[in-house]
Amino acid sequence: MLLEWLDSQLHLISVLWLFPILFMFHDFEEILTVEKWTKQNKEQVLAVLPKSIRKYFYSSFQMTTVQFANDVFWIFLTITTATCLAVIFSFYYIFLMLLFIFFAHVFTHLGQALYLRKYTPGVITSIILVLPYSSYTYYRLLKEQVISGTDILWSTIGAFIIVPILFLFLVNERNKATKKVEEDGADKNFL
């Protein structure tokens, strides 16, 4: 009943354009809370991470709101570009890869919150916005036969290939930014 009503109210193009919009609502929650949260919870989170992977997350705990917002900007630009490609040229693979990452990201937020037994930045909008939107978008694209299960499979495989590469790039860029901030701070202290 609800799905039929949504189908009648939302054109598929509107559903696609909701992706960058809902991404920003989700990331507004993170932008507004991440710096304070990481400062307050750094020790607890690092204590539960295996030593072998702590180095990948250390720079995230040094990040300012502005640095995080910069990362969000580039992701938003990528999602918007993928949405344009889907809407204008009916090229859905990049959109589907990003939609899968968005969908899977819900479970990282839920897992973090459950594992730490506390609020983590992004968990609220993951549950109330990202999960319903991602699920509905898959349903709608399949229902209207715009994509197939094979398209979802290949885009998911693509996401599994690209996520580790993007993660390592992000960690490297955050490490550079953290090092620059530390060097700038040392220069100011020297003067």
Side-chain angles (χ1 to χ4, degrees), residues 1-35 37-38 60 65 68-116 118-167 169-170:
M1 188 73 156
L2 175 63
L3 288 177
E4 291 172 6
W5 179 80
L6 276 175
D7 294 348
S8 69
Q9 299 300 310
L10 290 172
H11 190 280
L12 181 60
I13 291 173
S14 298
V15 174
L16 296 174
W17 277 115
L18 280 171
F19 190 6
I21 295 167
L22 293 179
F23 169 79
M24 282 313 305
F25 276 108
H26 168 65
D27 270 59
F28 285 149
E29 178 189 1
E30 291 180 318
I31 289 168
L32 293 171
T33 60
V34 74
E35 185 174 1
W37 189 91
T38 54
S60 295
T65 299
F68 184 77
N70 183 56
D71 292 348
V72 169
F73 167 76
W74 290 108
I75 297 167
F76 174 75
L77 191 61
T78 303
I79 288 171
T80 303
T81 301
T83 303
C84 285
L85 291 170
V87 169
I88 298 169
F89 299 107
S90 298
F91 181 75
Y92 292 95
Y93 288 104
I94 298 170
F95 180 92
L96 289 172
M97 283 184 0
L98 296 171
L99 183 64
F100 173 76
I101 293 166
F102 198 49
F103 175 75
H105 189 60
V106 170
F107 301 99
T108 62
H109 280 295
L110 283 172
Q112 290 167 354
L114 292 171
Y115 190 72
L116 296 172
K118 62 170 55 180
Y119 169 82
T120 57
V123 71
I124 295 171
T125 52
S126 286
I127 296 166
I128 65 173
L129 294 178
V130 178
L131 183 60
Y133 169 75
S134 304
S135 302
Y136 179 73
T137 302
Y138 278 124
Y139 154 80
R140 188 69 181 272
L141 288 167
L142 287 166
K143 179 184 180 219
E144 296 196 18
Q145 298 179 346
V146 172
I147 62 167
S148 67
T150 304
D151 295 328
I152 293 173
L153 175 65
W154 283 113
S155 62
T156 301
I157 291 168
F160 275 108
I161 292 168
I162 199 165
V163 164
I165 295 166
L166 292 175
F167 177 75
F169 174 77
L170 179 67

With rounding to the nearest 0.5 angstrom, report the [atom1] to [atom2] distance, [X] to [Y].
X	Y	atom1	atom2	value
Ile21	Ile79	CD1	CD1	12.0 Å
Leu141	Thr137	CG	OG1	6.5 Å
Leu110	His105	CG	NE2	10.5 Å
Lys143	Leu3	NZ	CG	8.5 Å
Leu96	Ile101	CG	CD1	11.0 Å
Ile128	Glu29	CD1	CD	8.0 Å

Quick check: closest heavy atoms across [X] and [Y], and the distance to 0.1 Å?
X	Y	answer
Pro164	Ala159	CD-O, 4.5 Å
Ala82	Leu98	CB-CD1, 3.6 Å
Val15	Leu10	CG2-CB, 3.9 Å
Tyr133	Leu16	OH-O, 3.7 Å

Near [X] [atom1], under 6.0 Å, is it more than 12 heavy atoms from other residues, nucleotides or ligands?
X	atom1	value
Gln145	CD	no
Phe160	CZ	no
Tyr115	OH	no

*Does the pair Val106 and His109 meet the rule for a side-chain contact (heavy atoms from CB on, under 4.5 Å), with working shown?*
CA-CA 5 Å; Val106 170; His109 280 295; 6.0 Å; no
With a 3.5 Å distance limit and no angle check, can you tell me whether [X] reaches the backbone of [Y] through a side-chain donor-acceptor pair?
X	Y	answer
Asp71	Phe68	no
Ser134	Leu131	no
Ser135	Pro132	no
Trp37	Tyr119	yes

In terms of ring plane angle, is the pair [X] and [Y] parallel, tilted or perpendicular, where the classes change at 30° and 60°?
X	Y	result
Phe19	Phe102	tilted
Phe100	Phe103	tilted
Tyr92	Phe95	perpendicular

*Quick one: do Val130 and Phe23 satisfy side-chain contact (heavy atoms from CB on, under 4.5 Å)? Show the steps, please.*
CA-CA 8 Å; Val130 178; Phe23 169 79; over 6 Å; no
*Could you go through the side-chain contact (heavy atoms from CB on, under 4.5 Å) check for Phe73 and Asp27 one step at a time?*
CA-CA 10 Å; Phe73 167 76; Asp27 270 59; over 6 Å; no
*Report the C-alpha separation of Val123 and Gln112 in whole Å, then their side-chain angles, then the decisive distance to 0.1 Å, and conclude whether the side-chain contact (heavy atoms from CB on, under 4.5 Å) test is met.*
CA-CA 9 Å; Val123 71; Gln112 290 167 354; over 6 Å; no
*Would you please indicate if the ring centroids of Tyr136 and Tyr139 are separated by under 6.0 Å?*
yes
